[in-house]
Amino acid sequence: MSLSIIVMGASGRMGTTIANLAKEQGMTLAAVLERPERLDALAHWGCLAGTDPEVVYPQVPGAVVIDFTAPEASLANARCAVKNGNPIVIGTTGFTPEQKAELDAIAQNGRVFWSPNMSVGVNVLLELLPELVQMLGPDYDLEMVELHHNRKKDSPSGTALRLAESLASARDWDLKDVACYHREGIIGERPKKEIGVQAIRGGDVVGVHTVYFMGPGERIEVTHHAHSRENFAQGALRAASWLPGQPGGKVYAMGDILKSRLK
């Protein structure tokens with residue numbers, strides 16, 4: 001039996017990519033949703049279309065929701081999905097700490113997956129970067145630059161923040177205490193207990209993240225390039241295939257999938 005999915009924001013760039021890939025891979029596109037003013041753009045998908053998850057989800061029981069929208073919308077969709085027994089995969093970025101805590105609470109009653117970056121490569125980096133921090137030691141300054149298209153709304157990117165959190169955690173730091181998102185004027189010497197995260201916006205760049213380890217007499221650069229949105233869509237579909245077989249009670253992430261392959 002093929003996997004059934006529900007795509008939120010199905011007329012947007014990510015939604016369209018996810019829906020097309022799902023059909024190409026033999027999955028069942030059970031339903032698509034959009035804002036009321038964009039509902040007419042969904043007719044060509046040839047499946048259930050709507051604007052209200054409370055109406056749509058009960059009509060496609062068990063279908064996996066894939067949501068790349070906005071934090072408030074994703075939380076509402078997660079609440080509705082859990083209430084109706086639909087697993088939900090979320091790729092939305094820009095969650096506040098309070099919203100992350102709310103997502104954790106929602107996940108106690110259902111199957112929820114969230115990753116600010118669905119790329120397998122980025123999530124492998126999240127596992128490996130802390131090891132590099134620890135092996136290099138405290139003499140290496142940690143900096144990051146992220147580059148995205150000119151239509152991205154949040155800054156720094158969710159991926160950059162997650163990577164920075166992994167670096168901070170490796171040094172037993174709290175990112176909120178050591179992050180530097182802007183430098184201007186006579187600011188003095190760089191503190192040792194600092195992680196710089198700078199954002200660049202322009203053109204149609206899908207996503208580039210570079211982490212710098214700068215120490216005495218040398219520099220190491222680790223860069224991830226996302227070449228297309230299909231990279232993220234493939235990761236979301238992979239998560240959608242994996243999530244239904246997991247118990248509820250926590251927010252799963254791509255790292256959980258990668259670690260499950262090693263067992």
Side-chain angles (χ1 to χ4, degrees), residues 2-3 5-27 29 32 45 64-71 74 77 87-95 112-129 132 144-167 197 199-211 221-244 251-262:
S2 67
L3 178 72
I5 67 167
I6 303 167
V7 179
M8 307 300 300
S11 71
R13 290 172 295 172
M14 273 303 302
T16 298
T17 302
I18 291 167
N20 278 324
L21 277 177
K23 296 185 77 170
E24 289 174 10
Q25 295 177 12
M27 298 178 183
L29 192 58
V32 289
W45 289 118
V64 182
V65 180
I66 301 182
D67 180 310
F68 281 73
T69 56
S74 292
N77 292 332
I88 182 167
V89 172
I90 301 171
T92 301
T93 64
F95 283 108
V112 177
F113 182 103
W114 172 66
S115 178
N117 191 308
M118 293 289 178
S119 158
V120 171
V122 163
N123 285 279
V124 169
L125 284 183
L126 287 170
E127 300 295 324
L128 298 181
L129 287 177
L132 192 53
M144 187 188 314
V145 174
E146 56 101 342
L147 170 61
H148 284 86
H149 54 87
N150 56 23
R151 296 177 64 183
K152 187 166 180 62
K153 295 179 175 62
D154 56 318
S155 176
S157 71
T159 300
L161 290 173
R162 186 67 192 89
L163 290 169
E165 287 170 354
S166 74
L167 298 174
V197 183
I200 299 174
R201 297 287 179 267
D204 59 357
V205 179
V206 175
V208 180
H209 295 82
T210 299
V211 180
E221 300 178 11
V222 179
T223 299
H224 179 272
H225 291 260
H227 296 158
S228 76
R229 289 182 180 82
E230 285 194 10
N231 180 43
F232 309 127
Q234 290 282 15
L237 292 174
R238 180 174 179 178
S241 298
W242 178 85
L243 184 60
V251 176
Y252 290 98
M254 190 63 73
D256 293 305
I257 298 179
L258 298 177
K259 290 172 184 175
S260 70
R261 294 176 60 193
L262 302 176

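All values below come from the heavy atoms of this structure, side chains included, with hydrogens, waters and symmetry mates left out.
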Separation between [atom1] of [X] and [atom2] of [Y], rounded to the nearest 0.5 Å:
X	Y	atom1	atom2	value
N123	H224	CG	NE2	9.0 Å
Q25	L237	CD	CG	5.5 Å
M8	I66	CE	CD1	11.5 Å
I90	N77	CD1	CG	7.5 Å
S166	L126	OG	CG	5.0 Å
T17	Q234	OG1	CD	10.5 Å

Compare all side-chain heavy atoms of [X] with those of [Y] and state whether any distance is below 4.5 angstrom.
X	Y	answer
R162	V122	no
E146	T159	no
E127	K259	yes
M118	M14	no
L132	V211	no
L29	I5	yes
S157	T93	no

Looking at every non-hydrogen atom in both residues, tell me the closest pair between [X] and [Y] and how far apart they are.
X	Y	answer
S241	L3	OG-CD2, 3.6 Å
A239	I257	CA-CD1, 3.7 Å
A233	L21	CB-CD1, 3.5 Å
A160	V197	CB-CG1, 4.0 Å
V206	H227	CG2-O, 4.0 Å
L243	P87	CD2-CB, 3.8 Å

CA sep, side-chain torsions, deciding dist, call: H209, L125, side chain to side chain contact (heavy atoms under 4.5 Å, CB included):
CA-CA 11 Å; H209 295 82; L125 284 183; over 6 Å; no

Between the main-chain N or O of [Y] and the side-chain N or O of [X], is there a donor-acceptor pair closer than 3.5 Å?
X	Y	answer
D256	A253	yes
S115	G91	no
T92	P71	no

Counting only heavy atoms not in N150, do more than 12 fall under 6.0 Å of its CG?
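Yes, because the 6.0 Å sphere around CG of N150 holds more than 12 heavy atoms from other groups.
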
Stepwise side chain to side chain contact (heavy atoms under 4.5 Å, CB included) check, W45 with K23
CA-CA 10 Å; W45 289 118; K23 296 185 77 170; 4.2 Å; yes

Qualifying residue for ring pair (Phe, Tyr, Trp, His ring centres under 6.0 Å) with Y252, from W114, F113, W242:
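Checked W114, F113, W242 against Y252; only one passes ring pair (Phe, Tyr, Trp, His ring centres under 6.0 Å): W242.
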
